[in-house]
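The structure appears right after this line, and notes come after that.
Here the structure is a predicted model, which means the values were calculated and not measured. Counting convention: from 1, in listed order, for ligands and their atoms alike.
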Amino acid sequence: MIVQPSGPPLILVSGGTGYIGSHTCVCLQQAGFGVLVGDNVTNSSEGVLSAIAAISGRRPLFEQADVRDAAAMAAIVDRYRPVAAIHFAGVKSVAESVRDPLKYYDNNVSGSLTLLAAMTRHGSACLVFSSSATVYGEPDTLPLQEGHPLRPESAYGRSKMVVELILADLCTADPDASVVTLRYFNPVGAHPDGGLGESPLGIPENLMPHLGRVASGKAAALSVFGDDYPTPDGTCVRDYVHVMDLAEAHVAAVRLALQCPGVRVINLGTGLGVSVLSLVRAYATACGHPLPYQIVARRAGDVACYYADPERASHLLGWTARRGVSEMCDDSWRFINTPTALGSPG
Ligand code: NAD
Ligand code: UFG
């Protein structure tokens with residue numbers, strides 16, 4: 001039975017109970033799209049759907065499924081006939097990918113192939129894909145433009161690059177196929193109402209969740225990985241982008257994908273570089289007390305400095321990041337302190 005042949009255009013959101021996916025579901029629903037989440041909940045929980053409903057007034061459709069399960073994905077597409085998919089589902093730890101590369105190629109590459117096969121069952125694929133700025137590797141020039149050479153330094157980054165290449169080949173073979181590949185810089189923050197944020201299973205390796213743990217007393221001090229980089233204060237510089245800005249960019253990207261075929265690759269960042277110590281200070285302001293930190297050795301594989309050229313996103317999506325670092329820290333801290341929020345870092 002086809003569930004939704006009419007009604008609002010339905011978007012299949014793989015990984016939709018995850019961090020970026022859940023915020024995007026809120027924005028998609030608020031923009032008038034129907035949402036069908038497909039997630040195997042290996043790094044999230046079904047409870048996120050209630051948080052999405054509490055904010056947007058509607059609970060997305062949900063299928064617990066692994067994106068690598070060809071029969072399950074085909075059945076979902078046959079049943080619901082989504083007009084497009086946003087493909088978040090995947091694994092994302094750089095360090096783990098070095099230890100267990102096959103897990104990364106299996107989840108990220110095989111999962112993408114299976115989803116694409118399902119999405120082409122009833123016509124040409126229409127897809128927005130979650131890629132990462134990590135595909136660039138060590139930058140030759142800054143800000144990073146989309147045409148910069150790709151030299152990812154981990155299996156995670158290479159798994160994203162491989163999928164980007166597959167998507168480009170698909171669009172060459174099928175002129176009606178439509179793909180928007182989004183290269184995220186450093187997503188942080190939470191929904192401003194406090195009920196939705198980053199709730200990974202286990203202790204995350206990223207800076208912002210660690211700041212939250214220190215601010216709330218779950219960790220004694222932040223370890224800052226190196227202060228001898230060629231940057232203004234010696235700590236690494238990144239382009240932190242608020243997850244709500246990212247979510248809004250996905251609505252624009254899915255509209256673009258639905259409007260015109262072809263492949264587009266777009267950076268999603270603010271264009272501003274922020275050092276680790278600047279983020280520590282901003283978070284201390286948000287939580288109202290200083291955050292203890294210690295300088296430790298550099299973390300293997302860290303690039304000193306990179307940030308996006310956001311011009312193409314502005315041109316193609318009409319999207320510019322609007323939220324600054326203090327809003328990112330305020331919203332992250334509010335999420336940690338909201339009693340109804342689903343989990344909090346660590
Ligand atoms: P997340 O782990 O919070 O969300 C991913 C979701 O996908 C989870 O709900 C997980 O349960 C689900 N999932 C994983 N493997 C699956 C599978 N095989 N089948 C079905 N569901 C599966 O991660 P996120 O931060 O929301 O990232 C979303 C996407 O964005 C990922 O593809 C990630 O690589 C990419 N990305 C994230 C960042 C970041 O810093 N958060 C940066 C760049 C790119
Ligand atoms: N850092 C610390 N202490 C910590 C954690 C991080 O000093 O406890 C530093 C890192 O050395 C780095 C900066 O904070 O200089 C940011 O580190 P993150 O781990 O938060 O983010 P990365 O830039 O290393 O990578 C993130 C995601 C990748 C994604 C990339 C895209 O983890 O998946 O952004 O730009 F690909």
Side-chain angles (χ1 to χ4, degrees), residues 13-24 37-46 48 63-69 72-73 86-97 103-104 106-108 110-112 114-115 129-136 144 152-154 156-157 159-160 163 182-188 197-201 203-211 213-214 219 221-227 229 231 235-241 243 246-247 250 267-269 274-277 279-280 293-308:
V13 182
S14 82
T17 46
Y19 174 44
I20 307 169
S22 58
H23 292 79
T24 300
V37 169
D39 200 303
N40 67 0
V41 293
T42 50
N43 197 34
S44 56
S45 72
E46 212 176 318
V48 170
E63 293 283 348
Q64 184 168 337
D66 194 299
V67 80
R68 294 164 294 180
D69 182 339
M73 296 316 293
I86 305 182
H87 182 31
F88 293 103
V91 281
K92 60 169 184 177
S93 160
V94 171
E96 185 188 43
S97 81
K103 175 176 177 180
Y104 278 70
D106 183 33
N107 258 280
N108 295 354
S110 302
S112 299
T114 312
L115 178 63
F129 173 61
S130 293
S131 189
S132 166
T134 202
V135 296
Y136 293 116
L144 278 162
E153 289 174 7
S154 67
Y156 168 63
S159 74
K160 292 291 181 187
V163 177
L182 300 174
R183 292 182 182 150
Y184 313 148
F185 280 66
N186 286 53
V188 295
E198 188 169 14
S199 318
L201 307 180
I203 296 182
E205 64 190 41
N206 299 110
L207 177 59
M208 193 69 139
H210 274 292
L211 285 171
R213 285 172 52 76
V214 175
L222 176 79
S223 293
V224 174
F225 300 137
D227 68 348
Y229 285 97
T231 60
T235 63
C236 289
V237 167
R238 295 288 182 273
D239 184 340
Y240 297 95
V241 54
V243 68
L246 280 190
H250 285 77
N267 285 337
L268 292 183
V274 173
S275 74
V276 174
L277 290 181
L279 200 66
V280 172
Y293 67 86
Q294 65 211 3
I295 307 294
V296 300
R298 289 181 176 197
R299 184 171 70 177
D302 272 343
V303 170
C305 173
Y306 60 89
Y307 48 91

Could you please provide the protein residues found below 4.0 Å of ligand 2 on a heavy-atom basis, arranged by chain and number?
Lys92, Ser132, Ala133, Thr134, Tyr156, Tyr184, Phe185, Asn186, Glu205, Asn206, Leu207, His210, Leu222, Ser223, Val224, Phe225, Cys236, Arg238, Tyr240, Val276, Arg299, Asp302, Tyr306
Between Ser14 and Ala89, is there a donor-acceptor pair closer than 3.5 Å when you use the side chain of the first and the backbone of the second?
yes
Residue set satisfying ring-ring contact (aromatic ring centres under 6.0 Å, His included) with Tyr136, at least two apart, ordered chain then number -> His148
Partner residues of Phe88 under the ring-ring contact (aromatic ring centres under 6.0 Å, His included) criterion, sequence neighbours left out:
His250
With no hydrogens and no angle check, do the side chains of Tyr184 and Ser130 hold a donor and an acceptor under 3.5 Å apart?
yes
Donor-acceptor side-chain pairing of Tyr104 and Glu96 below 3.5 angstrom:
yes
Heavy atoms from other residues, nucleotides or ligands near CZ of Phe225 exceed 12 (cutoff 6.0 Å)
yes
List the protein residues in contact with ligand 1, where contact means a heavy-atom separation under 4.0 angstrom.
Gly15, Thr17, Gly18, Tyr19, Ile20, Asp39, Asn40, Val41, Thr42, Asn43, Ser44, Ala65, Asp66, Val67, Arg68, Phe88, Ala89, Gly90, Lys92, Asn107, Ser130, Ser131, Ser132, Tyr156, Lys160, Tyr184, Pro187
Is the shortest heavy-atom distance from the side chain of Cys305 to the side chain of Thr231 under 4.5 Å?
yes
Would you mind reporting whether Phe185 and Leu144 have side-chain heavy atoms less than 4.5 Å apart?
yes
Looking only at heavy atoms, which two atoms of Val91 and Asn107 are closest? And how far apart?
CG2-CB, 3.6 Å
